[in-house]
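First the structure, in the form of structure tokens, and then the observations on it.
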4 protein chains.
Amino acid sequence: MPRLGVEPIRRDALVKATIAEIARAGSLDVTVAQIARRAGMSPALAHHYFGAKEALFLAAMRHVLSLYGAEVRGALVAAEGPRGRLAAVVRASFGPASFRREAVGAWLNFWVLAQTVPEARRLLNVYQRRLRSNLRAALRPLAAEPETVADVVGALIDGAYLRAALAGGVPDAAAAAAAVERYLLAELGERW
Amino acid sequence: MPRLGVEPIRRDALVKATIAEIARAGSLDVTVAQIARRAGMSPALAHHYFGAKEALFLAAMRHVLSLYGAEVRGALVAAEGPRGRLAAVVRASFGPASFRREAVGAWLNFWVLAQTVPEARRLLNVYQRRLRSNLRAALRPLAAEPETVADVVGALIDGAYLRAALAGGVPDAAAAAAAVERYLLAELGERW
Amino acid sequence: MPRLGVEPIRRDALVKATIAEIARAGSLDVTVAQIARRAGMSPALAHHYFGAKEALFLAAMRHVLSLYGAEVRGALVAAEGPRGRLAAVVRASFGPASFRREAVGAWLNFWVLAQTVPEARRLLNVYQRRLRSNLRAALRPLAAEPETVADVVGALIDGAYLRAALAGGVPDAAAAAAAVERYLLAELGERW
Amino acid sequence: MPRLGVEPIRRDALVKATIAEIARAGSLDVTVAQIARRAGMSPALAHHYFGAKEALFLAAMRHVLSLYGAEVRGALVAAEGPRGRLAAVVRASFGPASFRREAVGAWLNFWVLAQTVPEARRLLNVYQRRLRSNLRAALRPLAAEPETVADVVGALIDGAYLRAALAGGVPDAAAAAAAVERYLLAELGERW
DNA sequence: AATGAATGAGGATTCATTCAT
DNA sequence: GATGAATGAATCCTCATTCAT
């Protein structure tokens with residue numbers, strides 16, 4: 001029974017408000033005041049807890065990435081065999097915790113953040129490396145060139161996020177997954 | 001013999017400077033002063049020609065998109081048969097005028113701009129529709145479900161741009177094209 | 001056996017921390033939080049005891065001035081004759097309780113405070129009047145124009161504090177006293 | 001006939017407004033807005049010309065110091081003999097360009113600034129070195145220990161500025177000069 | 001007695017935009 | 001055609017101070 005102090009609650013509220021505001025604005029041009037208002041507190045308090053706006057952005061990015069990471073891990077433990085693990089990664093990539101409107105809307109902006117803020121780039125690199133490594137491991141027994149296939153699948157996943165962000169509205173997870181699976185079916189044939 | 005007045009020259013310089021600055025900064029957080037300085041003129045003159053910063057961004061976006069459009073059209077006129085037209089679109093998508101560092105760097109930010117500025121979204125939609133239509137037309141004689149295949153190819157192209165933007169450095173056009181072709185080979189088999 | 005409650009202890013710690021922080025910062029731009037942290041308590045408690053930041057500054061100033069006053073009084077009771085009393089005042093002015101790095105560093109800033117805060121000016125006036133009166137009393141039997149000589153000595157003492165503050169490091173009390181004594185020797189000759 | 005652009009005029013107005021505001025407030029706690037308002041322009045323009053508040057302070061300090069330097073140099077060229085040069089330095093130190101209410105009021109705060117800002121300290125050191133060197137040169141033919149006497153005179157001058165700042169109102173240049181001269185008379189006797 | 005939590009007020013700084021020349 | 005000069009509006013951030021516990 002961890003007795004939460006106020007701090008984690010506030011921080012969490014701020015992180016969620018940051019993601020929501022970025023998704024709403026469709027850009028990183030959100031003010032600390034907007035974020036704080038949405039989180040139900042004063043801008044000064046937001047600064048008290050995060051020190052600077054950039055730290056808020058990074059915390060939001062970490063939050064989104066760790067949700068995704070958790071979803072993938074959860075899917076992987078339940079998966080059996082290479083095919084199962086491959087399918088798990090793809091499904092988790094379009095799972096409800098990550099492939100939701102807000103997260104997808106923030107996603108694109110985190111990519112932009114990574115062009116500017118080194119720590120953001122680091123976070124993104126970690127995510128990309130992990131995804132690639134998961135895909136390669138699952139593909140090794142299935143494909144002659146697992147590296148190449150993994151890269152194509154990765155590009156497809158990123159492309160799906162991008163298009164979902166641009167389309168707006170509720171992302172169509174089924175369609176996104178179907179596109180990836182279509183490629184895998186064509187590439188792997190009966191092994192898929 | 002079109003005698004260019006000074007206006008088109010200035011406008012062109014500003015548009016190119018805008019693209020270059022966005023790519024350099026890795027974000028839309030560039031000031032009119034920075035753009036004007038790179039274009040060799042005063043910020044006031046930039047306003048004189050474009051009225052507002054947003055118009056500059058839109059002109060830059062139009063420039064990039066029209067370069068891409070021209071490259072695709074050029075490749076299509078030289079292409080023969082559905083297979084040839086399909087290959088032409090893919091190759092043009094990673095052609096030297098569009099898949100260069102600066103354009104790719106600006107690209108990502110235009111996607112963000114499209115989340116905020118309606119006119120930018122419209123431009124992007126036009127581009128996406130045209131790409132899809134080109135792909136579908138070429139795929140119709142080749143695939144059982146040309147719509148779906150076209151969407152997968154589109155997602156792959158977007159994913160390649162995205163990853164090139166994140167990677168930084170000179171985009172690897174050959175690798176990007178190879179990934180798309182790999183999918184098409186798997187999907188279409190001997191028809192590719 | 002005065003049983004100190006906790007209040008005087010806290011107040012004393014805050015006053016000393018204030019002096020130390022001002023000396024460290026070299027200016028009055030110190031936050032209540034910094035002072036409180038150095039005194040080992042929360043900013044809220046500092047306010048509880050002093051009500052406002054300005055009161056803290058004034059208390060610190062009073063502390064420094066009363067230390068100086070005590071040092072002078074102590075030296076005076078042990079002094080004999082006009083010459084002895086004069087020497088006592090000079091020596092006490094550069095005594096170890098007042099002419100130390102921290103006090104000197106704060107000193108300069110109290111002068112600035114006196115430009116802004118009336119009560120601070122009042123405190124400073126009291127100190128200056130007392131110094132002048134001590135000097136005049138001692139000088140009366142020794143000099144033809146005790147008022148003028150007292151003023152010169154006073155200016156020399158202030159100048160020494162100022163220069164010590166600017167020099168930083170451990171103030172050179174011997175050199176400071178020597179300068180004043182040099183003047184007195186020149187001015188009073190054998191009577192010194 | 002140097003045709004002044006607007007820039008030097010604005011910069012000059014800002015520097016003078018800075019000195020005036022510091023003297024009025026009696027501290028460095030003046031806002032850029034206050035300074036700009038006094039100089040008759042917007043805060044944004046002040047930033048345009050000086051970039052940052054600190055640069056304004058430093059420019060103000062440089063202005064005051066260079067006025068003083070000019071006054072000393074002017075007095076020195078007209079001076080004859082060591083005695084004349086010594087008197088010139090003392091008189092110039094309390095001359096009308098430097099020993100005016102505003103400059104004296106800012107003076108004390110520049111000392112405080114020098115505790116915080118390295119460039120300010122450098123400026124102050126230059127001033128102090130020059131003063132000492134001038135005094136020593138003039139005193140060498142007159143005193144057995146020119147270094148020591150120069151230091152005493154320097155301390156007296158600083159002390160006079162300090163006391164004038166505290167006293168407020170119009171500084172009494174005659175009295176200040178008299179105090180220094182009194183010391184010199186006592187120290188140098190007939191050689192003065 | 002003590003503090004964590006919270007905020008209002010204020011200040012430096014940036015920048016798109018305007019306009020007279 | 002071109003720009004130097006100028007500013008209003010906005011935003012981040014800091015900090016003294018308050019208050020419930």
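Per chain, numbering begins at 1; letters A, B, ... match sequence-line order. Computation of the quantities below employed the complete heavy-atom set of this structure, encompassing side-chain atoms and omitting hydrogens, waters and symmetry-equivalent molecules. Note that this is a predicted model, so its numbers are computed, not measured.
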- line: The nucleotide from E/dA12, E/dA16, F/dA16 with an atom nearest the side chain of D/H47 is E/dA12

message: Mind checking if D/Y49 touches a base, just sugar-phosphate, or nothing, with heavy atoms under 4.0 Å?
response: sugar-phosphate

query: Over how many whole Å does the gap from B/L56 atom CG to E/dC15 atom C1' extend?
result: 14 Å

- prompt: Considering only side-chain heavy atoms of C/K53, which listed nucleotide, E/dT17, F/dT17, F/dC13, is closest?
  reply: F/dT17

- prompt: Charged N to carboxylate O below 4.0 Å: is that the case for D/E7 and D/R10?
  reply: no

query: With respect to the side chain of A/V6, which nucleotide from E/dA5, E/dA2, E/dT18 is positioned closest?
result: E/dA5

message: Please verify the inter-ring angle class for C/W111 with C/W107; under 30° counts as parallel, over 60° as perpendicular, anything in between as tilted.
response: tilted

field: Ion pair check, B/R122 and B/E119, cut-off under 4.0 Å
entry: yes

- prompt: So does C/R101 have more than 12 non-hydrogen atoms from other groups sitting under 6.0 Å from CZ?
  reply: no

- prompt: With nearest nucleotides of DNA chain E determined for D/T31 and C/S42 from heavy-atom distances, which residue corresponds to the more 5′ nucleotide?
  reply: C/S42

query: More 5' along DNA chain F: B/P43 or C/A52, using each one's nearest nucleotide?
result: B/P43

- request: Output yes when at least one side-chain N/O atom of A/R10 is less than 4.0 Å from OP1 or OP2 of E/dA6, else no.
  value: yes

field: Assigned partner base of F/dC19, Watson-Crick or wobble definition, under 3.5 Å
entry: E/dG4

statement: Separation of E/dT7 atom P from A/R37 atom CZ, nearest Å, is 13 Å

- prompt: Contact class for A/H48 (heavy atom, under 4.0 Å): base, sugar-phosphate, or nothing?
  reply: nothing

- line: Against the side chain of D/A44, the closest entry in E/dA6, F/dG8, F/dT17 is F/dG8

- line: Among E/dA6, E/dA2, E/dA12, the one nearest any side-chain atom of C/L45 is E/dA2

